[in-house]
Amino acid sequence: MGKICNSSIRNIAIIAHVDHGKTTLVDQIFKQSGLFRKDQEVDERIMDSMDLERERGITIAAKNCAIKWGGIKINIIDTPGHADFGGEVERALSMADGALLLVDASEGPLPQTRFVLDKALKLGLSIIVVINKIDRQDARPLEVLDEIYSLLIDLGATEEQLDFPVVYAVGRDGTVVKNPDEKSENLNLLMDMIVETIPSPVSTQGKPFQMLVSDLSYSNYLGRLAVGRIVNGSAFSSEELVCIKDGGKLVPLKVSKLQVYDGLGLRETKAVEAGDIAVLSGIENVNIGDTICTRDAPEALPRILVDEPTVFMRFSRNTSPFAGKDGKYVQPSKIWARLVKESLLNVSIRVEEAEDKEGFIVKGRGEFQMAIIVETMRREGFELCVGRPKVIYRYKNGKKQEPVEDVIIDCENTYSGVVTEKILKRKGLLSGIEHTGNGRIRLTFSVPSRSLIGYRDEFLTDTRGTGTINSSFKGYENFRGEFPSRFTGSLVSDRSGTAVAYALSNLEARGKLFVKPGDAVYEGMIAGEHNRENDLNVNPCKPKKLSNMRAAGKDDAVTLTPIVPLTLERAIQFIRDDELVEVTPKIIRMRKTILQAQKRKLDGRRGLSVTG
């Protein structure tokens with residue numbers, strides 16, 4: 001059978017590291033393509049539609065949109081820049097024929113850019129390189145271009161992929177030029193390059209309708225929505241189709257509504273053709289990776305391959321004395337249903353019941369991905385407890401293997417010693433040193449994934465907030481040995497009550513506090529970080545003894561050091577294996593898995609270990 005090109009469509013994904021200006025550039029593409037009226041007020045970072053994305057300035061979920069340029073429809077697929085959301089990347093790239101590689105003119109290609117670019121090259125996508133932020137004072141566009149060539153060669157790019165076009169941009173201003181010294185007022189050069197360079201989608205002539213489901217959504221009016229690229233043929237509204245599940249099972253279905261992307265929204269259509277990205281409504285029993293095709297000639301497409309999870313975390317119901325006070329959903333069945341829903345929408349997540357039937361095990365790509373899931377559930381009204389993230393070990397030829405990450409650290413020369421010392425203690429291996437000028441240094445390490453859990457906050461403290469740390473999954477290597485995860489213990493409340501300023505002032509010498517006067521505490525709750533390695537049971541509710549004797553200093557006001565508000569990520573990174581994070585819509589607390597101090601003491605004597 002012959003091949004047919006749909007020359008009226010281009011499908012392109014945008015690849016960039018976190019904070020390299022991807023979403024800002026897409027904003028300018030929307031404005032200059034005529035998507036908005038001249039006087040229309042538009043929010044910044046339009047594609048970052050989730051509250052968490054806007055707060056953190058990152059893309060978490062892959063999203064689609066479409067614009068028109070010179071009569072050509074361009075489907076733009078926004079991909080996350082963080083390696084923890086790799087499942088989103090794999091889904092997004094399955095719909096594209098080409099990719100825009102966006103790189104900061106100062107920072108150059110970083111590990112997470114490498115991660116996504118590697119996936120794109122293996123799929124054979126055509127690449128357009130955009131070197132962004134050339135207006136920065138420390139911009140070095142030509143050196144960054146050399147680094148991109150080196151990266152592509154290192155990833156095994158073909159000669160055709162190495163012969164990529166390059167443009168230089170200031171995404172914030174919406175300008176693109178062919179050479180860094182030139183001036184421009186628009187993005188016309190880039191848009192014309194997309195139309196001319198990115199290949200049109202190709203389908204097989206005479207083949208019936210086939211669509212690979214790459215994303216799922218939900219509408220209160222239409223039910224579950226299946227999103228994917230039409231690989232072959234065409235489909236019509238109300239047509240009788242069939243869904244091929246994993247394992248080859250056929251499930252009949254009827255499309256109630258056909259939609260395609262138009263700008264930031266969807267537009268209803270009577271028919272869709274090969275090469276376009278469509279949204280099918282009225283489909284209930286469908287999962288990501290399934291093939292939707294005709295009933296007469298059912299033929300499955302290759303399923304989306306997703307890297308296996310490397311980290312797991314235990315989720316359970318809240319068992320603290322304050323359980324049920326803040327949350328709307330507290331039952332284990334509700335938590336389980338929400339986690340199952342997450343696994344259906346996110347192909348990189350696996351959910352299973354714990355062996356003791358008292359909780360659920362969620363497997364994913366990294367601690368940050370886990371934190372986003374927990375934070376999303378918290379905002380939806382869930383109340384739960386989560387344990388410390390742990391890596392998933394493998395065994396090969398009888399040898400224990402663990403996940404390892406490539407880590408790139410940028411910091412001032414002054415702090416390179418303490419950073420290197422701490423990473424080497426965590427079984428990291430130094431693989432490269434580069435002096436980048438202006439008194440800064442770039443260090444490259446190979447580090448076990450478990451070493452990075454809880455290290456990022458410590459790193460920011462060590463570098464006085466001036467360092468950056470980026471990592472991407474490298475693969476599995478032989479286990480490198482044990483090391484202490486935390487060199488401090490916990491200050492654990494030994495009773496329930498309300499924290500008192502007098503008691504807290506006496507505890508400040510023992511370590512760093514997490515509670516302030518007036519906070520409710522309970523037995524087993526972690527009230528602070530102990531200066532020493534052991535845990536210490538303390539009484540944060542102890543009032544000052546009153547007497548009728550006047551004492552020197554009796555009327556002195558108690559002044560406490562302000563506490564840093566506890567964030568979810570900070571809590572997850574802090575806890576040990578025998579501790580939990582209690583998450584409610586209103587507050588985040590840390591606690592011991594076993595709340596009673598006497599029971600913890602007895603279990604310690606017996607040599608029992610209780611993990612969260």
Side-chain angles (χ1 to χ4, degrees), residues 10 12-48 57 59 65-74 76 78-79 81 98-110 113 117 126-152 161-198 263-264 436-438 440:
R10 301 290 186 276
I12 188 164
I14 302 185
I15 297 170
H17 185 83
V18 175
D19 203 32
H20 278 199
K22 167 170 53 72
T23 310
T24 305
L25 180 67
V26 172
D27 284 357
Q28 291 295 334
I29 290 175
F30 286 155
K31 291 172 183 175
Q32 296 189 27
S33 65
L35 193 60
F36 308 117
R37 301 187 312 271
K38 286 187 178 180
D39 58 342
Q40 185 173 345
E41 288 189 12
V42 182
D43 292 334
E44 291 184 350
R45 296 189 289 120
I46 308 162
M47 289 291 276
D48 285 348
T59 301
C65 61
I67 61 167
K68 286 275 189 172
W69 188 264
I72 305 292
K73 180 182 180 181
I74 302 175
I76 298 174
D78 189 17
T79 64
L100 281 185
L101 174 60
L102 193 69
V103 181
D104 189 292
S106 172
E107 295 180 1
L110 292 173
T113 310
L117 183 59
S126 301
I127 305 293
I128 295 175
V129 172
V130 181
I131 297 178
N132 194 27
K133 302 186 182 181
I134 58 170
D135 58 333
R136 285 182 58 160
Q137 287 187 346
D138 55 351
R140 47 187 189 95
L142 299 180
E143 292 175 39
V144 167
L145 181 58
D146 289 338
E147 291 174 11
I148 293 169
Y149 273 114
S150 299
L151 175 59
L152 285 165
Q161 288 171 327
L162 284 171
D163 188 23
F164 54 80
V166 185
V167 292
Y168 301 87
V170 181
R172 183 186 56 200
D173 299 338
T175 61
V176 165
V177 292
K178 192 72 177 170
N179 297 300
D181 302 330
E182 296 176 356
K183 298 291 182 185
S184 171
E185 295 180 355
N186 52 49
L187 295 171
N188 292 359
L189 175 65
L190 176 61
M191 302 309 297
D192 292 338
M193 192 174 282
I194 290 172
V195 172
E196 295 165 8
T197 308
I198 302 301
L264 291 166
T436 55
N438 298 322
R440 295 186 71 83

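The residues of the chain are indexed from 1 along the displayed sequence.
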- Task: Considering non-hydrogen atoms only, spot the tightest contact between Glu182 and Lys178 and give its length.
- Result: OE1-N, 3.5 Å
- Message: Please find the pair of heavy atoms, one from Ala139 and one from Ile134, that lie closest to each other, and give the distance.
- Response: CB-O, 3.7 Å
- Message: To the closest 0.5 Å, what do you measure between CG (Leu102) and CG (Asn132)?
- Response: 4.5 Å
- Nearest atoms (heavy-atom pairs only) where Lys133 meets Ala105: O-CB, 3.7 Å
- Item | Euclidean distance, Ile12 CD1 relative to Leu100 CG, rounded to 0.5 Å | 3.5 Å
- Item | Residue pair Thr197 / Phe164, side-chain heavy-atom distance below 4.5 Å | no
- With distance as the sole test, does Arg10 use its side chain to make a donor-acceptor pair with the main-chain N or O of Val195 at under 3.5 Å? yes
- Message: So Tyr168 and Leu142, do their side chains get closer than 4.5 Å, heavy atoms only?
- Response: yes
- Measure the spacing between CD1 of Ile148 and CG of Leu162 and express it to the nearest 0.5 Å. 12.0 Å
- Taking all non-hydrogen atoms of both residues into account, name the closest pair between Glu147 and Pro109 and its distance. OE1-CD, 3.4 Å
- Taking Ser184 for its side chain and Val176 for its backbone only, find out whether a donor-acceptor pair lies under 3.5 Å. yes
- Query: Is the closest side-chain heavy-atom distance between Leu152 and Leu117 below 4.5 Å?
  - Reply: yes
- Once you round to the nearest 0.5 Å, how far does CG of Leu145 lie from CD1 of Ile131? 4.5 Å
- Message: To the closest 0.5 Å, what do you measure between CE (Met191) and CD (Glu196)?
- Response: 11.5 Å
- Side chain proximity check, Ile194 to Ile72, heavy atoms < 4.5 angstrom: no
- Query: If you measure from OG1 on Thr175 to CD on Gln28, what distance do you get to the nearest 0.5 Å?
  - Reply: 8.5 Å
- Query: For the residue pair Leu25 and Gly171, what are the closest heavy atoms and their distance?
  - Reply: CD1-CA, 4.0 Å
- Heavy atoms of Asn188 and Asn186 approach each other most closely as N-OD1, 3.2 Å
- Would you find more than 12 non-hydrogen atoms of other residues, nucleotides or ligands less than 6.0 Å from Arg440 atom CZ? yes
- Pick from Ile14, Ile198, Val166: which one makes a side chain to side chain contact (heavy atoms under 4.5 Å, CB included) with Ile128? Ile198
